[in-house]
Visitor: 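Let me begin by handing over the structure; questions about it come next.
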Amino acid sequence: MPHHLLEMLNSPFITALLTTHSLTVAGLALTAVCAPTARRRQAALKALAVLLGRPPRPPRPRG
């Protein structure tokens, strides 16, 4: 069984999928840090949370 899993993980499709996911996460993390507005940073953080399988944090109350 483990041998079959290794074969599957080494397939070109899975390699491309993992690479795409990693680049997307890296791009969103960079956007969350370097975005020029707070709104864009928050949107990037929400998308990053969804990609990582975590529920996004609720917005902070203003005031």
Side-chain angles (χ1 to χ4, degrees):
M1 185 72 167
H3 182 68
H4 178 68
L5 180 62
L6 288 175
E7 285 180 14
M8 188 176 75
L9 288 174
N10 284 326
S11 75
F13 174 74
I14 297 297
T15 302
L17 187 67
L18 290 173
T19 302
T20 303
H21 182 267
S22 297
L23 290 173
T24 303
V25 168
L28 281 170
L30 190 60
T31 301
V33 172
C34 298
T37 64
R39 181 173 285 162
R40 285 188 185 174
R41 286 190 296 270
Q42 287 300 318
L45 285 172
K46 285 180 183 179
L48 193 57
V50 169
L51 275 175
L52 296 176
R54 298 180 179 175
R57 285 192 270 172
R60 293 185 191 179
R62 294 184 179 198

Visitor: Between L48 and A29, what is the shortest heavy-atom contact and its length?
Guide: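 Distance-wise, the nearest heavy atoms are CD2-CA, 4.1 Å.
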
Visitor: Do M8 and L18 share a hydrophobic cluster (ILVMFWY, side-chain heavy atoms under 4.5 Å, transitive)?
Guide: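 Yes, it is one cluster - the side chains of M8 and L18 are joined through contacts under 4.5 Å.
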
Visitor: Which pair of heavy atoms, one from R40 and one from A35, lies closest together, and at what distance?
Guide: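 Heavy atoms only, the tightest pair is CB-CB, 3.7 Å.
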
Visitor: Counting only N and O atoms by type, is there a donor-acceptor contact under 3.5 Å from the side chain of R54 to the main-chain atoms of A49?
Guide: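 Absent.
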
Visitor: Do T15 and N10 make a side-chain contact, defined as non-hydrogen atoms from C-beta onward lying under 4.5 Å apart?
Guide: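 Contact flag for T15/N10 side chains = no.
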
Visitor: What's the separation between atom OG1 in T19 and atom CD1 in I14, rounded to the nearest 0.5 Å?
Guide: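 The OG1 atom of T19 sits 11.0 Å away from the CD1 atom of I14.
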
Visitor: Do L28 and L52 share a hydrophobic cluster, counting only Ile, Leu, Val, Met, Phe, Trp and Tyr and linking them when any side-chain heavy atoms are less than 4.5 Å apart?
Guide: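 The answer is yes; both residues are in one hydrophobic cluster.
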
